[in-house]
Amino acid sequence: MNTTSLPDNSKVNCISRLEAQMLHKHIEEYFNYSVKVKEGNTVVDVGANIGVLGLYLSKKFKDIKILSFEPIKDIFEVLEANSLLSKNNKFKSFNCGVSDQNGSIVFDYYPNIPALSNCNPKVWESNDALILAVKGSLEDAPQYWWWSKMIPSFLYPFIVSRLKRNMKKINCNLKTLATIINENNLKKIDLLKIDCEGNELKVINGIEEKNWAIIEQLIIEVHDVNNRLNYIKKLLIKKKYHLHIMQEPSLKKIGIYNIFAVRN
């Protein structure tokens with residue numbers, strides 16, 4: 001386990017220092033749109049990774065409940081350490097993934113870039129997509145990554161090969177969101193964040209009809225394969241949410257979108 005500093009000089013436990021800094025940048029940008037969080041809210045973080053969202057919100061609010069879910073044990077241990085680091089006793093971490101059924105599945109775990117770990121290997125099967133992601137991330141890097149603009153593009157394939165090295169197959173437990181809501185006796189979810197590398201539709205399909213009434217806002221990273229973006233968009237509009245859809249600059253060329261949904 002490593003540690004690194006964020007722009008506000010706070011510390012975060014991590015596996016990859018650079019990835020933690022980039023995650024913090026993405027999470028800050030979440031709240032530039034219509035989604036709002038306030039004191040006393042309950043946040044469910046699906047695909048929490050190392051828990052940067054939980055740390056960010058715990059620093060900002062004195063009273064906030066956060067349930068964070070991460071299926072891969074090595075990443076979960078860092079998430080758990082960050083939940084303790086937050087000193088927020090309502091920041092809870094759970095070692096399981098979220099899907100459309102309870103059970104287990106094999107994940108691909110990338111120790112050099114944990115955020116890409118997933119249970120759908122086709123998501124990052126193409127090196128071309130990863131090269132574009134690396135290019136976009138370096139072009140849209142935090143300002144203090146002064147060195148990022150100095151990396152020549154011919155090195156991108158080498159960087160991708162290094163990032164994908166030492167991939168491991170890990171068996172992980174899964175629960176549906178309906179099960180999680182029941183087990184934790186949740187009466188309201190003020191924000192549901194879903195970022196699970198191509199498994200977002202299964203997470204949504206694990207929500208029972210009666211659960212939608214307690215979900216006020218969502219942030220969903222959508223991999224737009226098989227018209228998935230349009231399908232989820234229509235579903236959320238039918239559920240009476242107002243939507244804002246955007247692409248982070250680093251992901252514009254690889255068909256990944258963020259949906260921000262707020263109940264009308």
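Scope of the values below: all heavy atoms of this structure, side chains included, with no hydrogens, waters or symmetry mates.
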In short, Asn88 meets Ser58 closest at the heavy-atom pair ND2-OG, 3.0 Å
Result for side chain to side chain donor-acceptor pair (under 3.5 Å) between Thr4 and one of Arg17, Lys11, Gln21, Glu19 points to Gln21
When every non-hydrogen atom of Ile15 is compared with those of Asn2, the smallest separation belongs to O-ND2, 2.8 Å
Does atom CE of Met1 have more than 12 heavy-atom neighbours, drawn from other residues, nucleotides or ligands, at distances under 6.0 Å? yes
Can you tell me if NZ on Lys202 sees more than 12 non-hydrogen neighbours from other groups inside 6.0 Å? no
Shortest non-hydrogen pair, Ser117 vs Tyr110, comes out as OG-N, 3.0 Å
Practice problem: May I ask you to say whether Lys239 pairs ionically with Glu209, meaning some side-chain N is under 4.0 Å from a carboxylate O? | Solution: yes
ask   = Are more than 12 heavy atoms from other residues, nucleotides or ligands located less than 6.0 Å from atom NZ of Lys149?
value = yes
Check your understanding: When you look at CZ of Arg162, are more than 12 heavy atoms from neighbouring residues, nucleotides or ligands closer to it than 6.0 Å?
Key -> no
### Task
Apply the test side-chain contact (heavy atoms from CB on, under 4.5 Å) to residues Met246 and Phe260: give CA-CA distance (whole Å), side-chain angles for both, the deciding distance (0.1 Å), then the verdict.
CA-CA 8 Å; Met246 57 80 67; Phe260 300 85; 3.5 Å; yes
Legend entry - Backbone N/O of Lys62 and side chain of Glu39: donor-acceptor pair under 3.5 Å: yes
Between Asn258 and Tyr30 the two heavy atoms that sit nearest each other are ND2-CE2, 4.2 Å
Distance col, row Ile72:CD1 vs Asn171:CG, nearest 0.5 angstrom, shows 11.0 Å
For this session: Would you please classify the geometry between the His24 ring and the Tyr56 ring as parallel, tilted or perpendicular, with 30° and 60° separating the classes?
Result: perpendicular
Of all heavy-atom pairs linking Ile215 and Tyr241, the shortest is O-OH, 2.6 Å
Shortest non-hydrogen pair, Trp145 vs Met22, comes out as CZ3-CE, 3.9 Å
Take Val222 and Glu200 through the test side-chain contact (heavy atoms from CB on, under 4.5 Å) and record every step on the way to the result.
CA-CA 7 Å; Val222 178; Glu200 59 276 357; 4.1 Å; yes
- Query: Going through the distances and angles, do Ile50 and Asn13 end up as a side-chain contact (heavy atoms from CB on, under 4.5 Å)?
  - Reply: CA-CA 8 Å; Ile50 61 171; Asn13 298 299; over 6 Å; no
- Task: Please check if atom CG in Asn226 has more than 12 non-hydrogen atoms from other residues, nucleotides or ligands closer than 6.0 Å.
- Result: no
Side chains of Asn166 and Lys168: any donor to acceptor distance under 3.5 Å? no
Margin query: Quick check on Lys193: does its NZ atom have over 12 non-hydrogen neighbours (other residues, nucleotides or ligands) under 6.0 Å away?
Written below: yes
**Request:** For Glu183, look at atom CD and say whether over 12 heavy atoms of other residues, nucleotides or ligands are found less than 6.0 Å away.
**Result:** yes
